[in-house]
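Notes for the one structure printed next.
Just so we're clear, the structure is a prediction, and the values are computed from it rather than from any experiment.
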Amino acid sequence: MRLTLCVSPRMGTERRLSIERELRMIKSSLLYADHISVVSPGLNMLRTLDPLRKVSLADPVNGLRALPTPTLIRMGFPASELPRLRQRVQELSKLPVDDPERSQWAEKFAPAFQEAAVLASDQYGGHGPEMDRAIESEALTVIDTGFDFDEGADSVAAWYKKQLSGALSDHSSGVLLDPETSKLARESEDSGHFGSYAASRSRRASTGTGLVERLPTFPNAPMEHILEAREELTDHRQGYRNAVKRLERGLESAALDDSLPYELDELWHDEVQPQPESSRIL
């Protein structure tokens, strides 16, 4: 069972990007699907900062030397100047740490380097480790091919719509969308390619992950516990999906309808939660 999550960028407190929604959708999907692909401009933006959390702030020369191109561009270095920057950093790295030429250069770039590192820690550092664990489990793939944040908002929006169109057209995978993306998909010309088979798989995915999210212990469950439960329930996932398939047939809302979450609430309260402990599907 393959599942593609499409999540639009979401601003948290103080106008900072948040990946809380991505994490919530990923956690519930890990207990339903065998493999998950994530399409998220916000996650891709924040992941460019991640390498900054792993370098020494005390040594800007070797710190910049270790950073990949997307991170350097995110820090404000023009792509056209990167070859010259890398050459200069390589030359300086051969000098002693206390060499005046190296120290002067490091002092010049230290403020921008430290500011970017603090931003990385604040924005990606909080939820980043949990996301990293999910990626390392090999059950999760983050789609970033062709993504270029530095081309501007219009380019990011075009990339996201293209990925969404591809996900809706892929009948081998279910799709799970956040509310904003569901609205975008309903209004998209490509929604006509969302065939009945793919729509059924996606409504089933919304049902299966939605019921997991309604578990009392789920909201605050750390990624480590989610992955442990996923490992322990490997042999039972297919049985759960079969149970979800039976429940999904009774729903009236379509896969992209904004009424679907309300139906899932009713399903949880009327069918799942009242079941005797011995016969529950969750």
Side-chain angles (χ1 to χ4, degrees), residues 1-7 19-40 43 127 129-143 167 170-178 196-256 260-282:
M1 169 62 192
R2 293 171 54 240
L3 186 58
T4 300
L5 312 184
C6 297
V7 193
I19 56 172
E20 288 185 29
R21 178 177 285 173
E22 283 88 339
L23 272 174
R24 176 180 58 78
M25 294 173 67
I26 287 169
K27 286 178 179 179
S28 59
S29 300
L30 282 169
L31 299 180
Y32 174 78
D34 296 317
H35 188 270
I36 306 160
S37 297
V38 182
V39 178
S40 167
L43 177 56
H127 298 295
E130 286 211 313
M131 188 66 70
D132 291 343
R133 288 190 189 96
I135 294 171
E136 290 166 4
S137 74
E138 299 185 354
L140 178 71
T141 299
V142 178
I143 305 299
D170 183 1
H171 292 191
S172 67
S173 176
V175 295
L176 193 62
L177 315 178
D178 69 350
S196 58
Y197 177 68
S200 178
R201 285 172 62 92
S202 295
R203 187 172 71 165
R204 203 171 303 149
S206 295
T207 304
T209 58
L211 294 179
V212 170
E213 287 183 6
R214 286 160 174 80
L215 287 167
T217 58
F218 178 79
N220 299 316
M223 182 64 73
E224 181 180 358
H225 293 177
I226 294 292
L227 292 173
E228 287 177 1
R230 173 185 167 85
E231 185 70 22
E232 293 171 1
L233 298 173
T234 298
D235 295 336
H236 300 281
R237 265 203 308 276
Q238 185 58 52
Y240 174 56
R241 289 198 289 259
N242 289 337
V244 167
K245 192 173 183 179
R246 294 193 299 271
L247 291 172
E248 176 258 343
R249 290 171 184 157
L251 299 176
E252 296 182 3
S253 300
L256 302 180
L260 183 56
Y262 301 102
E263 272 207 88
L264 294 181
D265 280 336
E266 292 181 2
L267 183 63
W268 172 264
H269 290 295
D270 297 343
E271 298 292 337
V272 179
Q273 200 172 30
Q275 290 293 317
E277 192 71 31
S278 61
S279 60
R280 286 187 184 177
I281 63 171
L282 289 168

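- Nearest heavy-atom pair, Leu260 versus Ala254, reported as atom, atom and distance to 0.1 Å: CD2-O, 4.0 Å.
- Contact annotation: the side chain of Glu263 never approaches that of Leu267 to less than 4.5 Å [non-hydrogen atoms, C-beta and beyond].
- Residue Leu3 comes nearest to Ala33 through the heavy atom pair CB-CB, 3.8 Å, listed as atom of the first residue, atom of the second, then distance.
- Pairs engaging residues 212-224 under the side chain to side chain donor-acceptor pair (under 3.5 Å) rule: Arg24-Glu213, Ser28-Glu213, Arg214-Asp265 [sequence neighbours left out].
- To the nearest 0.5 Å, the span separating CD1 on Ile36 from CZ on Arg2 amounts to 12.0 Å.
- The shortest side-chain heavy-atom distance between Ile143 and Thr4 does not fall under the 4.5 Å cut-off.
- Put simply, the side chain of Met131 reaches to within 4.5 Å of the side chain of Leu23, judged on heavy atoms.
- Counting only N and O atoms by type, the side chains of Glu248 and Thr207 include no donor and acceptor under 3.5 Å apart.
- Going from atom OG1 of Thr141 over to atom CG of Leu5 covers 11.0 Å, rounded to the nearest 0.5 Å.
- Closest heavy-atom contact between Ala134 and Ile26: CB-CG2, 4.4 Å.
- For the residue pair Ser206 and Leu264, the shortest heavy atom distance occurs at O-CD1, 3.4 Å.
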Steps toward side chain to side chain contact (heavy atoms under 4.5 Å, CB included) verdict (Met1, Arg201): CA-CA 9 Å; Met1 169 62 192; Arg201 285 172 62 92; 3.7 Å; yes

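- Although no hydrogens or angles enter the test, the distance criterion places a donor-acceptor pair under 3.5 Å between the side chain of Arg230 and the main chain of Leu30.
- Every residue two or more places apart in sequence or in another chain that forms a salt bridge (charged side-chain N to carboxylate O under 4.0 Å, His left out) with Asp34 is listed here: Arg237, Arg241.
- The heavy-atom pair separating Ser253 from Arg203 by the smallest distance is O-NH1, 2.8 Å.
- In terms of modelled atom types and a separation under 3.5 Å, the side chain of Tyr240 and the main chain of Leu31 share no donor-acceptor contact.
- Under the side chain to side chain contact (heavy atoms under 4.5 Å, CB included) test applied with Lys27, the options Met223, His225, Glu22 reduce to a single match, Met223.
- Note that the CZ atom of Phe218 and the OG1 atom of Thr209 stand 8.5 Å from one another [nearest 0.5 Å].
- Glu130 is not listed as a side-chain neighbour of Ile226, based on a closest heavy-atom distance of 4.5 Å or more.
- In this structure, CZ in Arg21 is found 13.0 Å from CD1 in Ile19, a value given to the nearest 0.5 Å.
- Between Val7 and Leu43 there is no side-chain heavy-atom pair separated by less than 4.5 Å.
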